[in-house]
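All figures in this text were calculated on a predicted structure; none of them were measured in a lab.
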Amino acid sequence: MKNLVKTIQNTIFQQGLFERGAKIVIGVSGGPDSVCLLDVLEKLRSKYDLQLIIAHVNYGLRGKDSDKDEKFVRNLAQKNNLKIEVLQVKVSSTKNLESNLRDIRYDFFEKVRKENKFDLIAVAHNSDDQVETYLMRVIRGAGLQGLSAMKYKNNRIIRPLLNVSRKEILEHLSKQNRTYRTDKTNQENLFLRNKIRNKLIPYLEKNFNPSICKTIFDSTASIAEDFSFINEIAEKAYRKNKGLSAKKILALHPALQKRILLQAIAEKKLNNKDIGMSHVEEILKALKSTKNKNQTVTFQGLKMTRKGDRVTIAYK
C-alpha cells in the first residue's frame, strides 16, 4: 500500500490547502474517515507547525451509541493532547434530515473556528463520498457546478482526503492499529446517499464498469475545470455589465447568461442553496419578453425588476 500520509501531503501542496502555521478545526465524528484525517494531520502537525482543535457533534439520534461516539472522540482528543469542542443537540424533525444535520454540523464548525480565531475547517470527505455526491446530484438534477461535486478547498473548508478511497483509509487505519466507531445506520437505506452507496454503486460495478468509482471521480475533476473556466469568463462579463443591461445579457452565450444572473443573485443572497435553475430560467424568460418591457419576477425572498433595458435584483 502506498504511503497515505505522503499522498495527502502531495494533495495539500498541489491543491494549496494550507500554509505552514495554519490553525485548523478538524471535524471528527469518530468514524474511520475522520479518525484517519485526525491521524494524518497529527502526524503532520510538527512538520507544518499546525494548531489543531477537534470539533464533534452529538446529534443524539442513535441513543447510547451517539454518546459512545462522543466519549470515543473525547478520548482521542485527550490522547493527542488536543482541545475539543462538542455540540450536543436534539434533532426533533426528520424532515430533510440529512440536509439539516449537515447545516448543524457546518454552522458549529464555523462557530468553533471564529471563536478560536482559527483559519480553516478540515472535513474527511473521501473519493467514495465524491462519487456518491455526484450520483445524488445526477439523480436530483444539477448543472455544471453541481456535477463538479465537492472541492478540495471551498472558502474555509478543506478536504485533504478527497482523492483517497475508503478502502485506502481502512487499510491505513489497520496498518496504524487505529480504532474507530462504526455507524450501523450507514448500512440502512434511509437516505439517498446510503441507497447509492449500498445498492447503486455495487450494481454499476457488477453490471457496467468495475472501475466506475474512478471513472466518475475523474469526470468530476474534468467537470470542475470546465465549470471554473466558464465561471471565470462569467465573472469578467458580470464586472463589465454591473448595471445589468437586459440587451447585453441576452447577447451572451446562454451558459454565461445564467452564470451572470446567479452572480447578481449571490451578491444579494449569501446562501444560494435554495436558488435553482428554474428561478434563473424564469428571469431569462422575463428578459426576453416582448409583450411588456416592464417585468417583475419574485423568488426566494428576492425580486427581479426589468424596466426597459435596466435589470435590478433586490430584496422584496
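A salt bridge between R102 and E98 is absent, with no side-chain N of the basic residue lying under 4.0 Å from a carboxylate O of the acidic one. Between R166 and E168 there is no salt bridge, since no side-chain N of the basic residue sits under 4.0 Å from a carboxylate O of the acidic one. R178 and D39 are joined by a salt bridge, as a carboxylate oxygen and a charged side-chain nitrogen come within less than 4.0 angstrom of each other. In this structure, K175 does not pair ionically with E171, as no charged nitrogen and carboxylate oxygen lie closer than 4.0 Å.
The two residues P32 and L173 come nearest to each other via the heavy atoms O-CD1, 3.4 Å. The minimum heavy-atom distance between D33 and L161, with the atom names listed, is O-CD1, 3.5 Å. For the residue pair H56 and V28, the shortest heavy atom distance occurs at ND1-O, 2.8 Å. Annotation for D119 and R113: closest pair O-CD, 3.7 Å, computed over non-hydrogen atoms. In terms of heavy-atom proximity, I201 sits nearest to C213 at CG2-SG, 3.7 Å. Pairing each heavy atom of L4 with each of C36, the nearest pair is CD2-SG, 3.6 Å.
By the side chain to side chain donor-acceptor pair (under 3.5 Å) test, S219 pairs with no residue at all, sequence neighbours left out. Take E235 and apply the salt bridge (charged side-chain N to carboxylate O under 4.0 Å, His left out) test, not counting sequence neighbours, and it matches no residue. Legend: residues meeting ring-ring contact (aromatic ring centres under 6.0 Å, His included) with F18, ordered by chain and number and at least two apart, are Y48. Partners of Q51 according to the side chain to side chain donor-acceptor pair (under 3.5 Å) rule, which considers only residues two or more places apart in sequence or in another chain, do not exist here. With sequence neighbours left out, K214 forms a salt bridge (charged side-chain N to carboxylate O under 4.0 Å, His left out) with D218. R156 pairs by the side chain to side chain donor-acceptor pair (under 3.5 Å) definition with nothing, not counting sequence neighbours. Residues that satisfy the ring-ring contact (aromatic ring centres under 6.0 Å, His included) test with F299, not counting sequence neighbours, are H279. In terms of the salt bridge (charged side-chain N to carboxylate O under 4.0 Å, His left out) criterion, E282 has no residue partners (sequence neighbours excluded). Applying the salt bridge (charged side-chain N to carboxylate O under 4.0 Å, His left out) test to D69 and every residue at least two apart in sequence or in another chain returns R62, R181.
R310 places none of its side-chain heavy atoms less than 4.5 Å from the side chain of L244. Side-chain contact between L87 and K111 is absent, with no heavy-atom pair separated by less than 4.5 Å. For the pair N231 and Q263, the minimum side-chain heavy-atom distance is below 4.5 Å. The shortest distance between side-chain heavy atoms of R197 and K195 does not fall below 4.5 Å. Taking 4.5 Å as the limit, some side-chain heavy atom of K258 sits within range of a side-chain heavy atom of E281. Between Q295 and L287, the closest side-chain pair of non-hydrogen atoms is not below 4.5 Å. Taking 4.5 Å as the limit, every side-chain heavy atom of I84 sits out of range of all side-chain heavy atoms of I53. Residues N58 and S66 meet the side-chain proximity criterion, which asks for heavy atoms closer than 4.5 Å.
In this structure a side-chain-to-backbone donor-acceptor pair under 3.5 Å is missing from N154 to I157.
Using modelled atom types and a 3.5 Å distance limit, the side chains of D128 and S165 yield no donor-acceptor pair. For N194 and K199, the side-chain atoms include no donor-acceptor pair closer than 3.5 Å. In this structure, a donor-acceptor pair under 3.5 Å is absent between the side chains of S148 and T220. T296 and R306 form no side-chain donor-acceptor contact under 3.5 Å, judged by distance and modelled atom types alone.
Open room surrounds NZ on K247; 12 or fewer heavy atoms of other groups in view lie less than 6.0 Å from it. Within a 6.0 Å sphere centred on NZ of K248, other residues, nucleotides and ligands contribute 12 heavy atoms or fewer.
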R45/L41 under side chain to side chain contact (heavy atoms under 4.5 Å, CB included): CA gap, chis, key distance, verdict: CA-CA 6 Å; R45 179 155 56 151; L41 290 180; over 6 Å; no
Query - Test side chain to side chain contact (heavy atoms under 4.5 Å, CB included) applied to H253 and I233, step by step - result: CA-CA 11 Å; H253 188 282; I233 295 172; over 6 Å; no
Take T298 and L302, measure what side chain to side chain contact (heavy atoms under 4.5 Å, CB included) needs, and give me the verdict at the end. CA-CA 6 Å; T298 57; L302 296 176; over 6 Å; no
- Task: Evaluate the side chain to side chain donor-acceptor pair (under 3.5 Å) criterion for residues N163 and S127: first the C-alpha distance (whole Å), next the side-chain angles of each, then the deciding distance (0.1 Å), finally the verdict.
- Result: CA-CA 5 Å; N163 62 342; S127 64; over 6 Å; no
Practice item. Take K83 and I54 through the test side chain to side chain contact (heavy atoms under 4.5 Å, CB included) and record every step on the way to the result. Key: CA-CA 6 Å; K83 180 180 178 180; I54 291 175; over 6 Å; no
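Atom CG of L192 is separated from atom CD of E132 by 10.0 Å, given to the nearest 0.5 angstrom. Atom CG of L144 sits about 8.5 Å away from atom CZ of R259, to the nearest 0.5 Å. Interatomic distance, CD of Q130 versus NZ of K151, reported as 11.5 Å (0.5 Å rounding). Once rounded to the nearest 0.5 Å, the distance linking OG of S34 with CG of L76 reads 8.5 Å. Note that OG1 of T11 and CD1 of I158 are 11.0 Å apart. Values are rounded to the nearest 0.5 Å. Separating the CD1 atom in I26 from the CZ atom in F109 is a distance of 10.5 Å, to the nearest 0.5 Å.
Applying the ring-ring contact (aromatic ring centres under 6.0 Å, His included) rule to pairs touching residues 140-165 yields nothing, sequence neighbours excluded. Sorted pairs that involve residues 59-90 and meet ring-ring contact (aromatic ring centres under 6.0 Å, His included), not counting sequence neighbours, are lacking altogether.
Both V297 and Y315 belong to a common hydrophobic cluster when Ile, Leu, Val, Met, Phe, Trp and Tyr are linked at side-chain heavy-atom distances under 4.5 angstrom.
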Donor-acceptor pairs are to be reported for all side-chain atoms of residues 203-211 against protein atoms at under 3.5 Å, with residues two or more places apart or in another chain.
| residue | atom | partner | partner atom | Å |
| --- | --- | --- | --- | --- |
| N207 | ND2 | Y203 | O | 3.0 |
| N209 | OD1 | S211 | N | 2.8 |
| N209 | ND2 | T215 | OG1 | 3.1 |

